[in-house]
Each structure stands twice: as structure tokens, then as C-alpha cells.
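Step one of this worksheet: look at the structure below.
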Amino acid sequence: MREKISHWLPVGFCVAMSVSCVVTFIGFPGAWVIPFLCFLPMCFLFVGAVTTKLQQEVQELRARIEELQRKPR
């Protein structure tokens, strides 16, 4: 179950950040810029971590397929 949720954590973080910026913009115009710019790199970090994990899984699966293809039948 955790593997299915981990792909959506970056999306959830970005949505939460966007909602907080919109609420801040409505309540205190101009104050949303600093939190948005400070937390924006975290969005990229989360997406990069998930993408790296998926790439590692793809490489492992390719290695297993190659190993199975090398074995004589």
C-alpha cells in the first residue's frame, strides 16, 4: 500500500503548499511569496526522489530480464 501512496506524496505536498499560498494571498496580500519560494525546492526534491526510486526499480527489472534471457531453456 505504501508503494502506491509514495508516488502521490509530492502531489499532496504541492497541493498543500498551493492552498496555503492562496489562503495567505487572500488574507495577507504579498506575504505568500516568501513561503512559496522557500518551499518550492521541496516539490522538486520530492519528485526527484520518487523518480530516482522508479528508475532504480526499472534497472533492477531489466537486469532480471536479461538474466532470465541468458539462462538456457
Requested in this report: Can you tell me which residue pairs pass the ring pair (Phe, Tyr, Trp, His ring centres under 6.0 Å) test with a partner in residues 47-73, sequence neighbours excluded?
Outcome: none
**Report entry** With Ala49 via side-chain contact (heavy atoms from CB on, under 4.5 Å) - residues at least two apart
**Finding:** none
Please table the atom pairs, donor to acceptor, closer than 3.5 Å between any side-chain atom in residues 23-30 and protein atoms at least two apart or in another chain.
from: Thr24; atom 1: OG1; to: Ser20; atom 2: O; distance (Å): 2.6

Query - Residues clustered with Ile34, ILVMFWY side-chain links under 4.5 angstrom - result: none
Report summary line: So the ring pair (Phe, Tyr, Trp, His ring centres under 6.0 Å) pairs with at least one residue in residues 54-73 (sequence neighbours excluded) are none
Report summary line: Besides Leu54, the hydrophobic cluster formed by Ile, Leu, Val, Met, Phe, Trp and Tyr side chains linked at under 4.5 Å, directly or via other members, contains Val50
**Report entry** Listed partners of Val47 passing side-chain contact (heavy atoms from CB on, under 4.5 Å), at least two apart
**Finding:** Pro10, Thr51
Report task. To the nearest 0.5 angstrom, please state how far the CG atom of Leu40 sits from the CG atom of Leu45. Result -> 11.5 Å
Report task. Would you list the pairs meeting ring pair (Phe, Tyr, Trp, His ring centres under 6.0 Å) in which at least one residue belongs to residues 40-73, sequence neighbours left out? Result -> Phe13-Phe46
Query raised in the report: Who passes side-chain contact (heavy atoms from CB on, under 4.5 Å) against Cys21, sequence neighbours left out?
Result: Met17, Trp32, Phe36
Query raised in the report: Same hydrophobic cluster for Val19 and Trp8, using side-chain heavy-atom links shorter than 4.5 Å among ILVMFWY?
Result: yes
Show me the donor-acceptor pairs within less than 3.5 Å that the side chains of residues 57-65 make with the rest of the protein, sequence neighbours left out.
none

